Asker: 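I am attaching a structure below and will ask some questions about it afterwards.
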Amino acid sequence: MAKIKKPRIVTPIPGPKARKVIERHNKYMATTTNDPKHAPLVIDSGEGVWFKDVDGNTILDFSSGIAVLNTGIRHPEVEKAIREQLRKIWHAAGTDFYNLPQVELAEELDKITPGKFEKKTFLSNSGTESVEAAIKVAKWATQRKWFIGFIGAFHGRTLGSMSFTASKPHHRSRMFPVMTGVEHVPYPNPYRNPWHIDGYEQPDELVNRAIEYIDEYVFNHYVPADEVAAILLEAVQGEGGYVVPPKNFLRELKKLADQHDIKLIDDEIQMGMGRTGKMFAIEHFGVAPDILCTAKALGSGIPIGATVFRKELDFGISGVHSNTYGGNSIACAAALATIKVIKGGMVQNAAKLGRLFKERLEEMQDKYKTIGDVRGLGLAWGVEFVKDRKTKEYAKEPREKILLEALKNGLALLGCGTSSIRLIPALNITEEEAKIGLDIFEKAIVTETK
Ligand code: PLP
């Protein structure tokens with residue numbers, strides 16, 4: 001495919017072919033999160049940051065398949081590694097026999113994850129599976145039963161991870177009872193928190209309140225701290241709205257956890273792999289977790305999850321935890337190539353272009369009253385839409401209209417939180433491409449909120 005410089009719209013979106021696929025989809029596919037009201041995009045192929053839909057429209061991708069395509073669509077080096085592995089073996093039964101790609105991947109994860117201590121890795125197939133493994137590692141190693149999770153978090157949709165997920169009520173609708181022993185506490189969201197503290201103006205005050213809540217209210221009254229296995233959080237919340245906590249929060253939280261020998265589990269499934277301008281988001285806060293979960297971008301689109309943890313937490317007994325596809329040969333080859341290309345300049349590009357996003361989005365916030373908050377790091381940005389800046393009432397409908405309007409003009413975006421939009425292009429996007437996308441986004445805001 002030749003290098004494309006601009007979106008090219010040749011039919012309305014959805015076009016005639018897309019409409020037919022959506023109709024067949026709705027007839028045969030189980031309902032998930034698809035919503036033709038604001039994302040009627042039927043993808044056919046792609047390269048770099050550009051999708052082609054089935055009607056021949058060329059769309060700029062600011063969604064990265066929900067933070068999966070950090071290396072862009074079909075990165076040539078990742079594709080080469082997959083092709084080479086395809087010619088050797090696809091599945092080498094890595095939990096029963098042994099194979100080199102999974103060992104090499106574990107070695108690489110040991111190097112790139114924070115913490116100068118010895119680590120072990122459990123390989124799986126998705127984000128939720130890597131969180132389930134983290135829960136089991138923490139339970140096994142500590143022999144404790146309680147956990148702390150955060151309001152606004154998203155950790156997956158299987159029973160264990162769903163018990164922590166708390167970003168939208170319908171994620172848990174009709175699913176009770178979930179895993180017992182998970183207590184949710186407020187996340188120090190600088191823009192919206194139960195104490196109505198402006199966390200941008202008073203970050204330390206917000207951190208103190210959030211830590212005090214866990215220590216003085218939860219631990220002091222009904223959850224025995226010495227029976228808590230782990231605290232699970234996203235260093236930067238993703239589905240909850242791309243929320244960046246105050247700088248000191250992670251350090252204070254780790255201090256509290258260490259006081260009670262509680263393990264810290266950091267879910268980097270959405271924010272990891274270079275997305276925030278560092279390999280893992282938690283590195284912005286100077287903390288090393290005891291257990292780290294990664295997935296999504298790790299395989300550049302080939303399904304894989306990894307749970308990386310302190311060596312001493314390992315199960316140590318054969319068969320306590322395992323799976324069929326963990327360490328899949330194709331997935332490991334993709335992950336090794338992904339790590340190599342992300343390390344080869346993409347983290348720096350995310351940090352560099354992050355400054356452009358910050359500048360442009362904050363300019364938009366100054367211009368358009370409908371934007372309540374702009375937050376992010378690297379190439380992970382959230383823009384929250386409100387009906388009124390004072391009351392901060394969520395503006396859900398304008399958000400949906402902006403998403404659709406942007407798509408019609410050739411920019412694919414995704415919502416997050418209650419009324420936010422996330423801007424998460426591939427980490428190798430050029431400045432020129434980034435500016436094209438930001439212009440379309442701004443135009444959509446103007447069109448839909450004037
Ligand atoms: N954790 C986080 C932070 C996520 O963003 C997600 C998915 O969006 C998950 C876990 C679950 O990952 P998966 O959908 O691969 O199971």
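This structure is a prediction, so every number in the text was calculated from the model and none was measured. Start at 1 with the first residue, then count along the sequence.
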Asker: Should we count CZ of Arg83 as having more than 12 external heavy atoms under 6.0 Å?
Answerer: no
Asker: Given side chains that start at C-beta, do those of Val341 and Asn428 come closer than 4.5 Å, heavy atoms only?
Answerer: no
Asker: Determine the interplanar angle of the His171 and Phe154 rings, folded into 0 to 90°, and report it as parallel if under 30°, tilted if 30 to 60°, perpendicular if over 60°.
Answerer: perpendicular
Asker: Considering residues, nucleotides and ligands other than Lys340, do more than 12 of their heavy atoms fall under 6.0 Å from its NZ?
Answerer: no
Asker: Does atom OH (Tyr325) have a neighbourhood of more than 12 heavy atoms from anything else shown, all under 6.0 Å?
Answerer: no
Asker: Are Lys80 and Glu84 close enough for a salt bridge, meaning some N to O gap below 4.0 Å?
Answerer: yes
Asker: Examine the side chains of Lys263 and Thr142 and answer whether a donor and an acceptor come within less than 3.5 Å of each other.
Answerer: no
Asker: Strictly below 4.0 Å, N to O, side chains only: are Asp258 and Lys254 in salt-bridge contact?
Answerer: yes
Asker: Decide yes or no on side chain to side chain donor-acceptor pair (under 3.5 Å) for Ser329 and Lys88, but give the supporting numbers first.
Answerer: CA-CA 9 Å; Ser329 309; Lys88 285 182 166 177; over 6 Å; no
Asker: Apply side chain to side chain donor-acceptor pair (under 3.5 Å) to the pair Thr276 and His284, showing each step before the final yes or no.
Answerer: CA-CA 9 Å; Thr276 64; His284 288 278; 3.0 Å; yes
Asker: Is the cationic atom of Lys119 (NZ for Lys, CZ for Arg) positioned less than 6.0 Å from the six-membered ring centroid of Phe117 and within 45 degrees of its normal?
Answerer: yes
Asker: Between Ser167 and Glu239, is a side chain to side chain donor-acceptor pair (under 3.5 Å) present by the stated rule, with each step listed?
Answerer: CA-CA 7 Å; Ser167 52; Glu239 297 301 310; over 6 Å; no
Asker: May I ask you to say whether Glu268 pairs ionically with Arg275, meaning some side-chain N is under 4.0 Å from a carboxylate O?
Answerer: no
Asker: Could you walk me through whether Asn57 and Thr11 pass the side chain to side chain donor-acceptor pair (under 3.5 Å) test, one step at a time?
Answerer: CA-CA 7 Å; Asn57 295 300; Thr11 70; 3.0 Å; yes
Asker: So Phe249 and Phe150, would you call those rings parallel, tilted or perpendicular, with 30° and 60° as cut-offs?
Answerer: perpendicular
Asker: Regarding Thr338 and Thr71, is there a side-chain donor-to-acceptor distance under 3.5 Å anywhere?
Answerer: no
Asker: I'd like to know if the side chain of Glu183 reaches the main chain of Trp146, judged simply by a donor and an acceptor atom lying under 3.5 Å from each other, with no hydrogens or angles considered.
Answerer: no
Asker: Check this for me, if you would: do Lys255 and Glu252 make a salt bridge, where the nitrogen-to-carboxylate-oxygen distance has to be below 4.0 angstrom?
Answerer: yes
Asker: Determine the sole option in Thr128, Thr165, Asp267 for which the side chain to side chain donor-acceptor pair (under 3.5 Å) test with His155 is passed.
Answerer: Asp267
Asker: With side chains defined as the heavy atoms from C-beta onward, is the minimum distance between Val42 and Ile22 less than 4.5 Å?
Answerer: yes
Asker: Is it true that Glu283 and Lys278 have a side-chain N and a carboxylate O under 4.0 angstrom from each other?
Answerer: no
Asker: Using a strict cut-off of less than 4.0 Å between a Lys/Arg side-chain nitrogen and an Asp/Glu carboxylate oxygen, indicate whether Glu23 and Lys20 qualify as a salt bridge.
Answerer: no
Asker: Using a distance-only test with no angle check, is there a side-chain donor-acceptor pair under 3.5 angstrom linking Ser126 and Arg157?
Answerer: no
Asker: Between Ala412 and Leu41, what is the shortest heavy-atom contact and its length?
Answerer: CB-CD2, 4.1 Å
